[in-house]
Amino acid sequence: MSAPDESASSEGVGAGPGFTPREVTVHRHPDQLAKVTRALRATGRKVVLVPTMGALHEGHLELVRAARRVPNSVTVVSIFVNPLQFGPDEDFDSYPRSFDSDVEALGREGVELVFSPGRDELYGSDPQITVDAGEPGRDLEGASRPGHFSGVLTVVAKLLNIVGPNLALFGEKDYQQLVLLRRMVRELNIPTDVQGIPIVRESDGLALSSRNRYLDQRRRSAALVLSAALAAGAHAGSRGAEAVLAAAREVLAAEPEVKLDYLELRDPELGPPPETGEARLLVAAEVGGTRLLDNALVELSAAEAE
Ligand code: AMP
């Protein structure tokens with residue numbers, strides 16, 4: 001293996017009985033990480049990638065745990081706040097960053113490889129080429145955040161090319177992102193399997209997000225209507241699509257602090273909703289200037305005639 005860029009021992013962090021400390025190696029240079037993962041693949045190990053923007057929470061750690069369960073594999077977690085996916089008026093500069101505690105948390109999960117490039121190491125000095133997310137990238141989130149998904153697809157394509165993973169894991173929390181990434185690997189013939197992991201929530205239903213730390217207590221409790229609306233919508237699934245949307249809308253309307261961007265019912269690939277069967281209910285809203293997303297699976301039955 002090549003000399004690591006930097007090594008951080010997780011020894012002593014959260015060490016309890018039976019805990020085996022591990023070394024986390026942090027790579028900053030794409031070429032060095034690529035060399036390491038190539039060598040690991042040559043020995044027959046599977047490489048599993050978990051891309052993140054850091055500020056890690058239990059949602060990220062569930063992805064890591066799923067990665068670690070893959071037999072005969074090594075997990076690579078990338079930490080990179082990707083400027084390309086933030087709009088000019090968005091929170092790139094203030095996005096939460098907690099690198100040291102992120103690496104400690106990954107060490108406790110038994111992760112050995114972290115890829116955390118600087119902007120120049122990843123993009124070079126004059127990047128010109130990007131992945132266009134096409135029409136589906138201008139839908140839903142993409143309608144409110146022009147260029148966002150091209151930024152996401154570009155950085156993930158780069159990460160997949162550098163790391164060469166057999167499998168890459170993403171959260172269903174960012175459902176449209178997951179659908180677009182599956183489509184990207186299919187359409188661009190990238191030999192990585194993309195899989196989604198269910199949303200991790202607080203006990204009161206709030207979907208975990210790095211941006212939740214922007215919410216004060218009042219806004220955090222207002223934000224609970226998002227998951228409550230999805231639950232109400234899912235509960236109405238047996239009464240058909242219109243009833244689902246009406247039930248969710250009613251819950252959202254009761255909270256003036258929540259500025260709704262969209263509430264949409266779609267099929268699992270984000271096309272128009274089916275009459276019956278599996279559908280996705282997706283919501284995006286601003287709460288006190290913080291953009292929050294959530295979604296849920298809905299089982300639709302044909303609406304009964306009144
Ligand atoms: P981010 O750091 O926000 O780019 O997220 C990195 C990965 O973690 C993405 O695949 C997200 O969808 C996933 N993720 C974020 N929050 C959650 C959550 N609450 N449950 C499951 N996955 C999540």
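Whatever order the structure lists them in is the order used to number ligands and atoms, beginning at 1.
The atoms of ligand 1 that sit less than 4.0 Å from any heavy atom of P51 are 6 (C), 7 (C). Near F170, with a cut-off below 4.0 Å to any heavy atom, the atoms of ligand 1 are 10 (O). Near L208, with a cut-off below 4.0 Å to any heavy atom, the atoms of ligand 1 are 16 (N), 17 (C), 18 (C), 19 (N). For ligand 1, the atoms lying closer than 4.0 Å to a non-hydrogen atom of I199 are 20 (N), 21 (C). Those atoms of ligand 1 that come under 4.0 Å of a heavy atom in T52, given as number and element, are 2 (O), 6 (C).
Within the 3.5 Å criterion, the main-chain N or O of T154 finds no donor-acceptor partner in the side chain of T130. A donor-acceptor distance shorter than 3.5 angstrom exists from the side chain of Q176 to the backbone of P136, with no hydrogens or angles considered. Although no hydrogens or angles enter the test, the distance criterion places no donor-acceptor pair under 3.5 Å between the side chain of S238 and the main chain of S301.
For D261 and R145, the salt-bridge test fails: no basic side-chain N is under 4.0 Å from an acidic carboxylate O. Taking a cutoff of 4.0 Å between a charged side-chain nitrogen and a carboxylate oxygen, E257 and R218 qualify as a salt bridge. Comment: E286 does not engage R219 in a salt bridge, judged by the lack of any side-chain N to carboxylate O separation of less than 4.0 angstrom. Under the 4.0 Å criterion applied to side-chain N and carboxylate O atoms, D91 and R291 are not assigned as salt-bridge partners.
If you check which protein heavy atom lies closest to atom 4 (O) of ligand 1, you get M53 CG, 3.6 Å. Counting protein heavy atoms only, atom 20 (N) of ligand 1 is closest to V200 N, 2.9 Å. From the protein, the heavy atom lying nearest to atom 13 (C) of ligand 1 is L63 CD1, 3.6 Å. The protein non-hydrogen atom at the shortest distance from atom 22 (N) of ligand 1 is G171 CA, 3.4 Å. At the shortest separation from atom 23 (C) of ligand 1 among protein heavy atoms lies K173 CB, 3.8 Å. The single protein non-hydrogen atom nearest to atom 3 (O) of ligand 1 is Y95 OH, 3.9 Å, given as residue, atom name and distance. In terms of protein heavy-atom proximity, atom 11 (C) of ligand 1 is closest to D174 OD2, 3.1 Å. The shortest contact between atom 5 (O) of ligand 1 and any protein heavy atom is with H60 NE2, 3.4 Å.
Residue-level proximity to ligand 1 for P198 is carried by the backbone, the only part with a heavy atom below 4.0 angstrom.
Not close to ligand 1: A55, with no non-hydrogen atom less than 4.0 angstrom away.
Taking the ring centre of F92 as origin, the terminal cationic atom of R97 falls inside the region bounded by 6.0 Å and 45° from the ring axis.
Each of L293, L270, D294 was compared with L282 under the side-chain contact (heavy atoms from CB on, under 4.5 Å) criterion, and only L270 meets it.
Here atom 15 (C) of ligand 1 lies nearest to H57 when heavy atoms of E172, R201, H57 are compared.
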Handout entry: Worked check of side chain to side chain donor-acceptor pair (under 3.5 Å) between Y95 and N82
Key = CA-CA 10 Å; Y95 193 83; N82 175 32; over 6 Å; no
